[in-house]
Protein chains: 2
Amino acid sequence: MTVTSYVRCSNCAVSKFCLPHTLSSEDIGQLEGVVQQKRVLHAGETLYHTGDHFEGLFAISSGSFKSVVIATNGDSQITEFSFPGEILGFDAYHGKTHNSFAEALETSSVCFLPQAQLDLLSQKVPALQQQLYNLFSAEIQSNNEFLLMMGKRSAEDRLAALLINISSRYSQRGYSATHFRLSMSRTDIANYLGLTIETVSRLIRRFQKEGLIEVSQRDITIIDLVGLSELAGTHCTYEEHVPDASSGTA
Amino acid sequence: MTVTSYVRCSNCAVSKFCLPHTLSSEDIGQLEGVVQQKRVLHAGETLYHTGDHFEGLFAISSGSFKSVVIATNGDSQITEFSFPGEILGFDAYHGKTHNSFAEALETSSVCFLPQAQLDLLSQKVPALQQQLYNLFSAEIQSNNEFLLMMGKRSAEDRLAALLINISSRYSQRGYSATHFRLSMSRTDIANYLGLTIETVSRLIRRFQKEGLIEVSQRDITIIDLVGLSELAGTHCTYEEHVPDASSGTA
DNA sequence: CGAATAATTGACGGGGTTCAACTCCTGTGG
DNA sequence: CCACAGGAGTTGAACCCCGTCAATTATTCG
């Protein structure tokens, strides 16, 4: 676990998805005084465990994570996959104890935002308080949309929606929307979507047969972005232009 | 729609579930200056619609609500049922537009908390800022637990968990934990749990046959609280003592 | 290379949906 | 008071998506 003491939000590639997004450069300067360290985790290492005392939030600067809640009977549910610029730990602000754990899916690095100092600073800087409210709120909103998926959509729809969601998040961060490497296992995908590995495996196969995607292990190439989006039923937000619908399937 | 201009949080029966909970009486005094009006809605009336501009939060002072998100293909998902003391509108803080709608399930009243004034006050009063963070966070946490249910538990478990959840919330508010009247229809319950009406109806019947509950229309009497809790798999939080397990089913 | 884990594929069964008919409430108007 | 309409809820029968169980293949790692 490597520690670097200096953090410069102003230089960070993903600051526009992160806390600094709506802040002035002056405010960012103050925030940089609060962000204490950058930590590197390797695949499988956990950022915090269930039951850990809540000390502050983590901002992902590279890599990806899964957040997992565990039921009293032992079974677990991945509640979200997180990418650079996104914040981990919001669910623990209340209660002061983490009720989920966060695990790195690949080599990843995070910035640590101590709660006490963050609270103090957000008391002084309205824009920061606002941005914290915004991020909290966005988390609730995306959670609601996910609930809709889990409650109403078929296995096929859910997998399509996940692929489109990941694609769009990579795209927003400047990577290809149509070719990427999944950082999570089939098991993780199945757990997240409330399905079994077998079902996920069969669906991936079917998507290939139908010419929607090309798959080699965890490498995904989306062939028919429009077709997949229609299955997903979500209007994804891509940075660049949305491909025209002329080649869309029925 | 009736409007009363004076709101006294200090006298409110549900303040301990609401924003004032952790505030000093002095801070509550300031909060009362922000809470502008009390509105009464009848069953079926909506507090806000999808797409409405976000103006502020609503605190439920009596009655109950459902929050509903709508997919682009038209189908909808109830994301939560809300009771007195709970806050509505958190999901819209980000984006400034409601992406869900809230509908009264029975005659209900709400207090309105204008965002602009709430932001200003929370900037001055640390305890209020903290409490807002807490409520945001609690919302995310309960959302995560609900996701676990939707992803991993059977129809039977989900219905049991809902009944236990409602029972415990009534109990916390000083009502009977074992006898209450559901304010939501079977259709609402089914939608919330990601099931069909028929399944819910059959399960209710089965619970009756098994001696877990007694049902007459929307009147519920829980006969075997322990047995139902075991099905639900959740450790519910009751105000008073938890009934001893000696009469529990296997 | 061999063990262990991850992923695929097939056969089968069941929990829950779908479709359909029926009953029960509730309100309304003659 | 009753008739009637209409929504809400119940019940039954058939189907099917997806989970379960099991065997096989691929991949990673010591």
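All values below come from the heavy atoms of this structure, side chains included, with hydrogens, waters and symmetry mates left out. Chain naming here is simple, since letters A, B, ... match the order of the sequence lines and numbering starts at 1 in each.
As a whole-Å value, the separation of B:Arg186 CZ from D:dG7 C1' is 14 Å. As rounded to whole Å, 11 Å separates atom P of C:dT18 from atom NZ of A:Lys152. Here D:dT10 presents its P atom at 9 Å from CD1 of B:Ile189, a figure rounded to the nearest Å. One can place CD1 of B:Ile204 at 15 Å from P of C:dG16, the figure rounded to the nearest angstrom. The separation between B:Asn191 atom CG and D:dA8 atom P is 14 Å, rounded to whole Å. If you measure from atom CD1 of A:Ile197 to atom P of C:dT8, you get 10 Å, rounded to the nearest angstrom. Remark: P of C:dA7 and CG of A:Asp219 are 13 Å apart, rounded to the nearest angstrom. Put simply, NZ on A:Lys209 is 10 Å from C1' on C:dT9, counting in whole angstrom units.
In this structure A:Ala190 satisfies the side-chain contact (heavy atoms from CB on, under 4.5 Å) test together with A:Val200, sequence neighbours excluded.
The aromatic rings of A:Tyr175 and A:Tyr170 stand perpendicular to each other, their planes meeting at an angle above 60°, with 30° marking the opposite boundary. Note on ring orientation: taking the six-membered ring where Trp is involved, the planes of B:Phe146 and B:Tyr192 are parallel (angle under 30°, cut-offs 30° and 60°). Note: A:Phe136 and A:Phe90 have tilted aromatic rings, judged against thresholds of 30 and 60 degrees for the angle between ring planes.
Electrostatic pairing of B:Lys66 and B:Asp188 counts as a salt bridge here, judged by a charged N lying under 4.0 Å from a carboxylate O.
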Original post:
What string of B, S and - do you get for nucleotides 16-30 of chain D, 5' to 3', when a contact is any protein heavy atom under 4.0 Å?
Top reply: --SSBBB----S---
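Distances shown here put every side-chain N or O of B:Arg218 at or beyond 4.0 Å from the OP1 or OP2 atom of C:dC25. The side chain of A:Arg205 places no N or O atom within less than 4.0 Å of a non-bridging phosphate oxygen (OP1 or OP2) of C:dT8.
Looking only at side-chain heavy atoms (C-beta outward), B:Phe17 and B:Phe83 stay at 4.5 Å or farther from each other.
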